[in-house]
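Sequence positions, counted from 1, serve as the residue numbers for this chain.
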Amino acid sequence: RRACFRAGEPPRPTPRPGETIGEGVFSQVYGGKGANQGVAAARAGGTVSFVSCVGNDVMGAGMIAAFAENGIRTQHISKISGTACGTALIFVSGSGENVIGVAPGANYELKPEHIAIAWRAIEAADMVLLQLEVPYPTVSFAIKDAAKKGKKILLNPAPARKLDDEILDQINILVVNETEAEMLSGMKVGDDAEIEAVAAFLLHKGPEMVVLTLGARGAYVVAKGIAERVPGFAVEAVDTTAAGDVFCGSLAVALAEKQPPVEAVRFASAAAAISVTRLGAQPSAPTREEVLAFLR
């Protein structure tokens with residue numbers, strides 16, 4: 001995914017039908033939920049193998065080269081002929097909020113057979129990280145395959161959609177924002193009592209750990225013997241694009257390193273806080289050194 005249009009002063013980032021908003025600033029950067037999470041994990045200190053599809057064109061070649069530059073293992077990235085790379089058009093307001101339109105392209109070409117071919121990488125992994133910008137049957141296959149191999153599985157169900165109970169029962173860590181939590185639970189996420197109730201409901205579905213991200217309010221983590229709010233960090237946001245992805249990638253690394261859940265969430269929150277102070281998706285992901293310095 002590549003495109004970002006940053007609106008200027010107007011707080012509303014997108015035009016109404018028939019309207020043009022001028023004075024914007026355009027940039028093209030690499031993105032996509034899985035790609036963002038992979039880059040974030042690599043910069044946070046993880047050894048990352050990325051299983052995905054890109055178009056067999058100059059954009060796809062550039063994306064693969066960028067992954068490699070970030071230290072990501074790319075042998076399981078497939079080039080799909082006759083299909084464009086997935087692309088997102090992102091409008092960012094002057095306050096840093098965004099709205100996003102997506103053309104999935106090659107992302108929707110990721111099939112279970114691509115997962116099966118990558119079995120060595122999955123068997124070597126300490127954590128399998130997934131999201132929902134690829135076909136749901138492929139995600140379902142990957143979760144079942146990783147579970148059979150005894151792997152820790154972190155699922156970020158974004159974009160939000162309903163999940164089968166069988167899937168929720170097989171994952172280890174579920175990371176949801178407020179919208180995703182409401183979609184999965186059918187319950188409102190608002191005050192502290194509602195946050196606690198929703199997180200407990202989702203934990204009861206099978207995951208060992210549920211993390212509910214709350215934007216500037218921080219995150220709520222619940223697991224066996226743990227139910228704790230992790231405060232957010234006060235920063236000046238310029239672009240919230242990929243903040244959730246940076247959080248997930250960084251959290252996956254911290255948990256793979258066996259950091260305690262609350263400390264791992266704090267590490268991920270710091271990475272996400274840094275990311276919103278920068279423009280773009282993948283360019284916003286901080287290095288491990290930057291996160292540790294921020295925490296100090």
Side-chain angles (χ1 to χ4, degrees), residues 1 31-46 48 50 70 90 96-98 100 127-133 152-160 171-181 184 189 195 198-199 202 207 209-223 226 228-235 237-257 259-288 290-295:
R1 307 218 180 169
K33 296 200 71 64
N36 296 340
Q37 291 175 0
V39 169
R43 291 184 186 169
V48 177
F50 189 34
N70 279 283
I90 306 170
E97 297 298 320
N98 64 59
I100 305 174
M127 183 73 67
V128 176
L129 172 60
L130 303 108
Q131 39 70 45
L132 299 182
E133 279 192 341
K152 290 284 186 181
I153 303 166
L154 191 161
L155 175 64
N156 173 222
I171 64 175
N172 303 94
I173 303 102
L174 178 69
V175 180
V176 288
N177 64 17
E178 293 161 86
T179 300
E180 294 146 10
L184 290 178
V189 177
I195 290 168
V198 168
L202 294 174
M209 175 178 170
V210 173
V211 181
L212 176 49
T213 59
L214 303 164
R217 293 189 290 165
Y220 183 74
V221 55
V222 60
I226 299 169
E228 188 167 334
R229 175 76 73 89
V230 179
F233 296 95
V235 296
V238 298
D239 184 2
T240 59
T241 305
D245 301 330
V246 170
F247 182 96
C248 290
S250 303
L251 179 65
V253 171
L255 292 174
E257 294 174 344
Q259 292 187 32
V262 173
E263 291 182 19
V265 169
R266 189 166 182 266
F267 178 87
S269 296
I274 295 170
S275 76
V276 303
T277 67
R278 302 169 176 176
L279 291 173
Q282 288 172 30
S284 72
T287 65
R288 183 183 187 90
E290 289 174 320
V291 176
L292 295 177
F294 182 90
L295 287 169

Legend entry - Partner set under salt bridge (charged side-chain N to carboxylate O under 4.0 Å, His left out) for Glu228, not counting sequence neighbours: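 Expected list: none.
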
Spatial distance of atom [atom1] ([X]) from atom [atom2] ([Y]) [nearest 0.5 Å]:
X: Leu154; Y: Met127; atom1: CG; atom2: CE; value: 6.0 Å
X: Ile100; Y: Thr241; atom1: CD1; atom2: OG1; value: 5.0 Å
X: Leu129; Y: Asp245; atom1: CG; atom2: CG; value: 9.0 Å
X: Met209; Y: Asn172; atom1: CE; atom2: CG; value: 11.0 Å
X: Thr287; Y: Leu292; atom1: OG1; atom2: CG; value: 8.5 Å

On a heavy-atom basis, which atom in [X] and which in [Y] lie closest, and how many Å separate them?
X: Pro261; Y: Ile226; value: CG-CD1, 3.7 Å
X: Ala160; Y: Thr179; value: CB-CG2, 4.4 Å
X: Val189; Y: Ala181; value: CG2-CB, 4.0 Å
X: Ser275; Y: Ala243; value: OG-CA, 3.6 Å
X: Leu202; Y: Pro207; value: O-CD, 3.3 Å
X: Ala270; Y: Phe294; value: CB-CD2, 3.7 Å

Do [X] side-chain atoms and [Y] backbone N/O form a donor-acceptor pair below 3.5 Å?
X: Arg43; Y: Val246; value: no
X: Glu263; Y: Pro260; value: no
X: Glu180; Y: Asn177; value: yes

Do [X] and [Y] come close enough that some side-chain heavy atom pair is under 4.5 Å?
X: Val291; Y: Ser250; answer: no
X: Leu130; Y: Ile171; answer: no
X: Lys33; Y: Asn156; answer: yes

Inset, instruction - Please lay out, stage by stage, how Phe233 and Arg266 fare under the test side chain to side chain contact (heavy atoms under 4.5 Å, CB included). - result: CA-CA 9 Å; Phe233 296 95; Arg266 189 166 182 266; 4.1 Å; yes

Legend entry - Counterpart residues, ring pair (Phe, Tyr, Trp, His ring centres under 6.0 Å), relative to Phe247 (two or more places apart):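 Counting only residues at least two positions away or on another chain, Phe247 forms no ring pair (Phe, Tyr, Trp, His ring centres under 6.0 Å).
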
Identify every side-chain donor-acceptor pair in residues 213-222 under 3.5 Å, counting partners at least two apart or on other chains, and give the distances.
{"unit_1": "Thr213", "atom_1": "OG1", "unit_2": "Val176", "atom_2": "O", "d": "3.3"}
{"unit_1": "Arg217", "atom_1": "NH1", "unit_2": "Gly190", "atom_2": "O", "d": "3.1"}
{"unit_1": "Arg217", "atom_1": "NH2", "unit_2": "Glu178", "atom_2": "OE1", "d": "2.8"}

Inset, instruction - Show your working on side chain to side chain contact (heavy atoms under 4.5 Å, CB included) between Leu174 and Leu184 and close with a plain yes or no. - result: CA-CA 11 Å; Leu174 178 69; Leu184 290 178; 4.2 Å; yes

Legend entry - Intermediate values then yes/no, side chain to side chain donor-acceptor pair (under 3.5 Å), Glu133 and Gln131: CA-CA 6 Å; Glu133 279 192 341; Gln131 39 70 45; 5.9 Å; no

